[in-house]
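Throughout, numbering of the chain's residues begins at 1 and tracks the sequence.
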Amino acid sequence: MATEILEIDVGGRFFKVKAVKDIDSLLNLVKTDDDVPFWAVLWPAAIGMARFLWQGPDLTGQKILELGAGLGLAGIVAAAKNGVVYQTDLFPEALDFCAFNAKLNKVGNIKRIQADWRSFEITEDFDIILGSDILYEPTLYPYLKSIFYRLLKPGGRIILSDPGRKDAQEFICGLGQEEFGVAECRFNVEDSGLHYRVTVYTLKLGLIVNLNAEQ
């Protein structure tokens, strides 16, 4: 499996990310939907999330859960901002890459746990729940929603980034119609010569927010 080191500018600092160079080598091993190696690619939404976190406030004292950590960029940035981060992913290989990338960037304060959203066994609560491009499969939304309601501390925030999927927008809109206030911030991300418009959503229980910002 060939890999490469990417350098990502999040706005004043570069983070290095080890990624799989030839995703086809992994796709050839896929036997079921659960085997698809989404984790192996640094998606534009992860870059948008990283920029959002780096440009945001210091996270000292904040306990942060990252869902679908993949290559780990968002959680690593959150830890670099002094948060205490729990990175989770279905794939142990993803968590290995997360550990390598944290070391590559000289970042600590990260715990890594293999976890399946459909049987999520973590019971601690968190100040922030992060997810970069995790809203790709609507059949998983009920499990994510359960995690949000069970593990988010009162006054906590959910931060989700997405490249513009209609299903994702409808899911977040549905949360906004329940108990969550929603704020949006958009980032233009260039990746491999293509331009993406990433939206970062911040959701908070009981707070009515309708903010739009663009960067």
Side-chain angles (χ1 to χ4, degrees), residues 33-34 36 38-39 43 45-46 48-50 52-53 56-57 59-79 81-92 94-95 98-99 102 109-162 165 167-185 199-211:
D33 288 346
D34 277 355
V36 179
F38 294 117
W39 63 268
W43 300 102
M49 173 72 83
F52 177 84
L53 293 171
L59 298 173
T60 297
Q62 299 287 289
K63 188 177 172 185
I64 300 164
L65 172 66
E66 182 176 18
L67 300 172
L71 298 171
L73 177 61
I76 290 168
V77 172
K81 296 282 288 188
N82 302 309
V84 177
V85 177
Y86 289 57
Q87 290 186 313
T88 66
D89 203 283
L90 178 63
F91 294 89
L95 297 176
C98 287
N109 301 326
I110 301 177
K111 183 176 181 179
R112 299 168 195 90
I113 305 170
Q114 185 178 359
D116 187 331
W117 301 340
R118 295 163 295 189
S119 55
F120 207 74
E121 297 180 355
I122 296 173
T123 58
E124 301 178 51
D125 54 7
F126 295 87
D127 300 290
I128 299 173
I129 299 176
L130 299 178
S132 301
D133 209 349
I134 64 172
L135 301 178
Y136 52 83
E137 178 49 66
T139 61
L140 296 174
Y141 290 176
Y143 302 104
L144 289 171
K145 187 174 177 180
S146 173
I147 292 169
F148 296 162
Y149 275 102
R150 285 192 298 110
L151 302 187
L152 188 67
K153 288 183 179 180
R157 293 177 289 154
I158 300 165
I159 307 175
L160 304 172
S161 64
D162 188 81
R165 292 187 176 86
D167 288 332
Q169 293 170 353
E170 291 176 352
F171 174 66
I172 290 170
C173 182
L175 291 174
Q177 292 173 352
E178 295 180 13
E179 301 178 66
F180 287 93
V182 182
E184 301 178 14
C185 185
T199 302
V200 179
Y201 300 92
T202 301
L203 300 95
K204 191 167 183 178
L205 275 172
L207 179 66
I208 305 302
V209 184
N210 185 17
L211 298 177

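- The shortest non-hydrogen separation linking Ile76 to Ala102 is CD1-N, 3.5 Å.
- Heavy atoms from other residues, nucleotides or ligands lying under 6.0 Å from OH of Tyr143 number 12 at most.
- In this structure, the separation between CG on Leu130 and OG on Ser161 is 9.0 Å, given to the nearest 0.5 Å.
- Nearest heavy atoms, Lys81 versus Gly56: NZ-O, 2.8 Å.
- With a 6.0 Å radius and a threshold of 12 heavy atoms from other residues, nucleotides or ligands, Glu178 has its CD atom above the threshold.
- If you take OG1 on Thr88 and CH2 on Trp117, they are separated by 8.0 Å, rounding to the nearest 0.5 Å.
- Contact check for Leu175 versus Ile158: no side-chain heavy atoms found under the 4.5 Å cut-off.
- In this structure, CZ in Arg150 is found 7.5 Å from CZ in Phe120, a value given to the nearest 0.5 Å.
- Take Asp89 and apply the side-chain hydrogen bond (donor to acceptor under 3.5 Å, both in side chains) test, not counting sequence neighbours, and it matches no residue.
- In this view, Gln177 satisfies the side-chain hydrogen bond (donor to acceptor under 3.5 Å, both in side chains) rule with no residue, not counting sequence neighbours.
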Quiz item: Going through the distances and angles, do Thr199 and Asp162 end up as a side-chain contact (heavy atoms from CB on, under 4.5 Å)?
Solution: CA-CA 5 Å; Thr199 302; Asp162 188 81; 5.6 Å; no

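- With rounding to the nearest 0.5 angstrom, the CG atom of Leu135 is 6.5 Å from the CG atom of Leu144.
- Looking at Leu59 and Ile128, their side chains come closer than 4.5 Å, going by heavy atoms from C-beta outward.
- The structure places CD1 of Ile147 at 7.5 Å from CG of Leu65, a figure rounded to the nearest 0.5 Å.
- Evaluation of the ring pair (Phe, Tyr, Trp, His ring centres under 6.0 Å) rule for Tyr201 yields no partner, not counting sequence neighbours.
- Of all heavy-atom pairs spanning Val200 and Gly48, the tightest one is CG2-O, 3.9 Å.
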Quiz prompt | Intermediate values then yes/no, side-chain contact (heavy atoms from CB on, under 4.5 Å), Phe171 and Arg165 | solution = CA-CA 10 Å; Phe171 174 66; Arg165 292 187 176 86; over 6 Å; no

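- Here CZ of Arg157 is found 12.0 Å from CD1 of Ile129. Values are rounded to the nearest 0.5 Å.
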Cut-off 3.5 Å, no hydrogens considered: what does the side-chain donor-acceptor table look like for residues 66-75, sequence neighbours left out?
from, atom 1, to, atom 2, distance (Å)
Glu66, OE1, Gly75, N, 3.1
Glu66, OE1, Gln87, NE2, 3.0

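- The heavy-atom pair separating Val85 from Ala78 by the smallest distance is CG2-CB, 3.9 Å.
- Salt bridge status for Asp116 with Arg118: present, with a side-chain N to carboxylate O gap under 4.0 Å.
- Residues Ile159 and Phe52 are in side-chain contact: their nearest non-hydrogen atoms beyond the backbone lie under 4.5 Å apart.
- Considering all non-hydrogen atoms of both residues, Ile113 and Ile122 come closest at CD1-CD1, 3.8 Å.
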Exercise. Evaluate side-chain contact (heavy atoms from CB on, under 4.5 Å) for Phe148 paired with Leu160, printing each intermediate quantity in order.
Key: CA-CA 11 Å; Phe148 296 162; Leu160 304 172; 4.2 Å; yes

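- In plain terms, the two heavy atoms of Ile64 and Gly83 that are nearest each other are CD1-CA, 3.9 Å.
- A side-chain donor-acceptor contact under 3.5 Å links Asp127 to the backbone of Lys63.
- Gln114 is linked by a side-chain hydrogen bond (donor to acceptor under 3.5 Å, both in side chains) to nothing, counting only residues two or more places apart in sequence or in another chain.
- Under the side-chain hydrogen bond (donor to acceptor under 3.5 Å, both in side chains) criterion, Lys153 pairs with no residue at all, not counting sequence neighbours.
- Side-chain atoms of Tyr141 and Glu170 form no donor-acceptor pair, as typed in the model, at a separation below 3.5 Å.
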